[in-house]
Amino acid sequence: MTNLLEVKGLIRRFGGLTAVSEVSFDVRKAEIFGIIGPNGAGKTTLFNVIAGHFPPSAGSVHFEGEDISGHSSDEIGRRGIARTFQAVHAFQQQSTAENLRRAEVIARRHNPLHYFTHRSASVAADLQDVARFIGLDKLLDAPAGSLSYGLQKILGYGMALMAAPKLLLMDEPAAGLNPSEKLEAGALIRRLRDERGITVLLVEHDMPLVMGVCDRILVINQGKPIALGTPDSVKADSAVIEAYLGEDYEFA
Ligand SMILES: Nc1ncnc2c1ncn2[C@@H]1O[C@H](COP(=O)(O)OP(=O)(O)OP(=O)(O)O)[C@@H](O)[C@H]1O
Ligand SMILES: [Mg+2]
């Protein structure tokens with residue numbers, strides 16, 4: 001099976017508003033897949049439905065061939081889907097190591113079986129190993145609150161990695177980062193896939209980052225899919241250019 005995630009005809013309504021309208025796409029194993037679209041397009045809603053924060057109004061989400069539509073976020077986490085958050089969420093008074101350990105304890109409690117089967121595989125969720133991978137191994141004793149905003153976001157990625165996910169949902173990983181931190185975040189996203197085999201689904205407004213790291217990109221506008229393809233094909237798509245008209249985006 002090459003598709004890790006399959007989203008079919010997904011609809012999510014809020015009262016009379018259709019935030020996500022008939023969205024379908026597949027994410028292949030070890031792919032970096034981006035979702036972009038203007039403000040209010042429905043990206044976060046789509047993401048939240050996949051992560052189990054609320055159920056779809058119609059349509060389905062399959063993970064590893066199994067229907068996970070409407071399952072709780074805990075159940076979805078147990079299956080090997082983790083997410084990172086747009087805002088930093090590390091405990092400020094606790095050290096880097098304590099934050100990673102806390103994430104490990106939560107992952108273990110949620111899912112002992114998945115956790116241990118993964119530990120024995122190449123993607124072992126070992127604290128030192130994760131800290132080295134994200135470049136925070138020299139800052140294990142530093143309180144999270146003493147780290148820069150960018151490093152706290154990186155710590156958030158490490159916390160998600162402690163669950164040894166198969167699929168990582170990243171919510172605006174570049175938001176709030178300075179230009180050099182954005183480059184580092186892009187490199188880290190690539191290494192997640194290249195070195196750990198983790199499949200990445202990311203929602204992001206930063207076009208250079210999205211275009212630089214994604215294998216394929218889904219563009220949605222007003223809840224509806226308008227384009228799906230490689231960065232180059234999406235950049236050249238007239239419907240995409242029209243959707244972004246008047247918005248200050250650079251398709252670098
Ligand atoms: N919990 C909710 N209840 C009601 N309406 C919602 C809810 N969540 C999102 N919406 C509405 O759904 C639409 C899509 O919102 P969503 O947050 O998914 O957009 P987005 O593409 O993530 O936008 P942005 O790029 O600004 O983050 C908006 O009109 C929003 O107001
Ligand atoms: Mg959003």
Side-chain angles (χ1 to χ4, degrees), residues 5-27 32-61 68-74 76 81-89 149-150 152-153 156-157 160 167-177 181-182 185-186 189 200-214 216-229 231 234-235 237 239-252:
L5 186 78
E6 297 178 339
V7 173
K8 288 193 199 112
L10 202 76
I11 298 175
R12 174 64 207 196
R13 297 188 194 91
F14 295 111
L17 174 88
T18 304
V20 174
S21 178
E22 290 280 352
V23 172
S24 300
F25 63 97
D26 299 329
V27 180
I32 301 177
F33 191 98
I35 301 173
I36 64 170
N39 290 111
K43 304 179 298 293
T44 297
T45 304
L46 181 56
F47 213 77
N48 284 337
V49 171
I50 294 168
H53 294 290
F54 32 69
S57 306
S60 65
V61 181
I68 58 163
S69 327
H71 289 199
S72 69
S73 54
D74 279 356
I76 287 172
I81 301 180
R83 73 176 293 178
T84 67
F85 294 87
Q86 179 177 346
V88 302
H89 66 296
Y149 185 84
Q152 288 190 48
K153 279 196 83 155
Y157 308 161
L167 173 66
L168 184 59
L169 308 179
M170 304 189 85
D171 198 356
E172 303 208 21
L177 301 188
E181 289 169 337
K182 280 182 187 175
I189 292 166
V200 178
L201 178 60
L202 78 127
V203 166
E204 179 55 64
H205 278 291
D206 188 87
M207 290 303 161
L209 180 96
V210 168
M211 298 295 167
V213 304
C214 291
R216 290 187 304 148
I217 296 168
L218 169 70
V219 190
I220 56 177
N221 189 25
Q222 298 178 351
K224 298 187 187 70
I226 57 170
L228 171 62
V234 155
K235 262 189 269 189
D237 190 295
V240 176
I241 294 164
E242 193 175 331
Y244 276 101
L245 275 184
E247 299 219 15
D248 188 18
Y249 283 114
E250 262 182 57
F251 289 98

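First listed ligand is number 1; within each ligand, the first listed atom is number 1. Everything numeric in this text was worked out from a predicted model, so none of it was measured.
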Can you name the nearest heavy-atom pair linking A160 to R83, along with the distance? CB-O, 3.8 Å

Keeping the roles fixed (side chain from K153, backbone from A175), state whether a donor-acceptor pair exists under 3.5 Å. yes

Flag A19 as yes when one of its N or O atoms lies below 3.5 Å from any N or O atom of ligand 1, and as no otherwise. no

Looking only at heavy atoms of G42, does any of them come nearer than 4.0 Å to an atom of ligand 1? yes

Kindly confirm or rule out an N or O of G37 lying under 3.5 angstrom from an N or O of ligand 1. no

Near the Mg ion (ligand 2), is there an N/O/S atom from T44 that is less than 2.8 Å away? yes

Which atoms of ligand 1 are found less than 4.0 Å from any heavy atom of H205? 24 (P), 25 (O)

Report yes or no: does T45 contribute a side-chain atom to a donor-acceptor pair with the main-chain N or O of A19 at less than 3.5 Å? no

Mark yes or no for whether Y157, through its side chain, and Q152, through its backbone, hold a donor-acceptor pair below 3.5 Å. no

Ligand-residue contact atoms, ligand 1 with L17, heavy atoms, under 4.0 Å: 11 (C), 12 (O), 13 (C), 29 (O)

Any cation-pi pair here, R12 with F54, using under 6.0 Å and within 45°? yes

